[in-house]
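One structure is given here, and the rest of the page talks about it.
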Amino acid sequence: MKPFKFKLDTVLEVRVNEEARAGKVHSEAKTFLEEVLVQQCVVEEAIESNLTACQQAFDGQASSGTLAHLQIALRELRRQVVELEPIITERQELVNVKWKEFLTARQRREGLEKIRDKQQVEFEQGTARAEQKDIDDMVLLREAGGFAQKL
């Protein structure tokens, strides 16, 4: 018997490649988002450090120049956090879009694989039926020829 050949193998290969590309683009978008999230964490840690320094300055009766410098630095850090928020939102939206594209590509591939699997099962069942028919025909021929009595 001839082996199973899926007629849409080329299309399936294209879909597999589409899914791989979509996964790579999604991964790159996530990395792009993570870069700005790391930057945000660094700024937030700097704010915490600044607040700690302010608290220590207040406790130690520091000079007004030091306090003014810490306040200016705190305002600058908070401004940076505000500037990062729309960038984070934009990059998160990009990640979400790329995720949906990846899921769509995966669903398209999986749909073709289901068709292939169904056709393969049907092919194997047809092959099994044909083999059983051949065996039955051989048994009938033996019976008709009288070979069954010689065994």
Side-chain angles (χ1 to χ4, degrees), residues 1-140:
M1 291 282 162
K2 61 183 180 179
F4 173 74
K5 177 74 174 131
F6 184 51
K7 293 179 181 177
L8 298 174
D9 243 352
T10 306
V11 177
L12 180 58
E13 186 177 326
V14 168
R15 298 267 170 94
V16 167
N17 292 337
E18 285 176 356
E19 180 184 10
R21 278 192 302 275
K24 183 179 178 190
V25 169
H26 174 256
S27 177
E28 291 169 353
K30 273 181 68 175
T31 301
F32 194 52
L33 172 63
E34 288 168 1
E35 290 172 358
V36 76
L37 290 175
V38 166
Q39 187 178 357
Q40 181 186 34
C41 285
V42 168
V43 172
E44 288 175 354
E45 288 174 5
I47 289 173
E48 289 299 319
S49 175
N50 183 288
L51 291 174
T52 302
C54 284
Q55 183 65 37
Q56 290 172 352
F58 281 125
D59 290 344
Q61 301 298 326
S63 69
S64 62
T66 303
L67 288 174
H69 176 69
L70 288 171
Q71 287 178 337
I72 290 170
L74 182 60
R75 277 191 220 112
E76 174 61 24
L77 291 169
R78 286 186 175 157
R79 184 192 60 75
Q80 289 177 14
V81 168
V82 170
E83 287 177 358
L84 287 175
E85 288 174 0
I87 295 170
I88 291 170
T89 302
E90 177 185 324
R91 291 184 183 184
Q92 183 62 54
E93 289 172 1
L94 178 66
V95 167
N96 293 343
V97 167
K98 298 305 175 186
W99 176 249
K100 288 177 184 175
E101 290 173 3
F102 174 68
L103 286 180
T104 300
R106 177 184 286 174
Q107 290 170 345
R108 292 176 58 165
R109 176 195 47 86
E110 288 174 347
L112 266 181
E113 285 179 344
K114 285 181 183 178
I115 292 170
R116 180 198 60 205
D117 293 346
K118 182 179 177 185
Q119 287 181 1
Q120 187 168 9
V121 166
E122 290 171 355
F123 174 81
E124 290 168 357
Q125 289 173 344
T127 301
R129 279 192 299 270
E131 287 176 358
Q132 185 61 48
K133 183 181 179 297
D134 290 345
I135 292 171
D136 291 347
D137 288 346
M138 286 190 316
V139 168
L140 285 174

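For the single chain, residues carry numbers from 1 onward in sequence order. Side-chain atoms are counted along with the backbone in the values below, which use heavy atoms only and exclude waters and symmetry mates. All of these numbers come straight from a predicted model, not from anything done at the bench.
Using a 4.5 Å heavy-atom cutoff, the side chains of Phe6 and Ile115 are in contact. Counting heavy atoms from C-beta on, the side chains of Val97 and Glu93 never come closer than 4.5 Å. Residues Glu90 and Leu94 form no side-chain contact, since every pair of their non-hydrogen atoms from C-beta on lies 4.5 Å or further apart. The side-chain heavy atoms of Asp137 and Lys133, taken from C-beta on, include a pair separated by under 4.5 Å.
Scanning for salt bridge (Lys or Arg N to Asp or Glu O under 4.0 Å) contacts around Glu122 gives an empty result, with sequence neighbours left out.
For the atom pair CG of Leu12 and NZ of Lys7, the computed distance is 16.0 Å after rounding to the nearest 0.5 Å. Between the CD atom of Gln107 and the CG atom of Leu112 there is a distance of 13.0 Å, given to the nearest 0.5 Å. Note that the CD atom of Glu113 and the NZ atom of Lys118 stand 16.0 Å from one another [nearest 0.5 Å]. Of the inter-residue distances, the one linking Gln92 atom CD with Lys30 atom NZ reads 10.0 Å to the nearest 0.5 angstrom.
Side-chain atoms of Asp136 and Gln132 include a donor-acceptor pair closer than 3.5 Å.
Shown here is Glu110, whose CD atom has more than 12 heavy atoms of other residues, nucleotides or ligands within 6.0 Å.
Screening Lys98, Arg21, Lys100, Glu101 for a side chain to side chain contact (heavy atoms under 4.5 Å, CB included) involving His26 leaves a single residue, Lys98.
Within the 3.5 Å criterion, the main-chain N or O of Phe32 finds a donor-acceptor partner in the side chain of Arg91. Here the side chain of Ser27 pairs no donor or acceptor atom with the backbone of Gly23 at under 3.5 angstrom.
Using cut-offs of 30° and 60° on the angle between ring planes, the pair Trp99 and Phe102 is tilted.
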Tabulate below the donor-acceptor pairs under 3.5 Å that side-chain atoms of residues 33-52 make, not counting sequence neighbours, or state none.
unit_1	atom_1	unit_2	atom_2	d
Asn50	ND2	Leu70	O	3.0
Thr52	OG1	Glu48	O	2.9

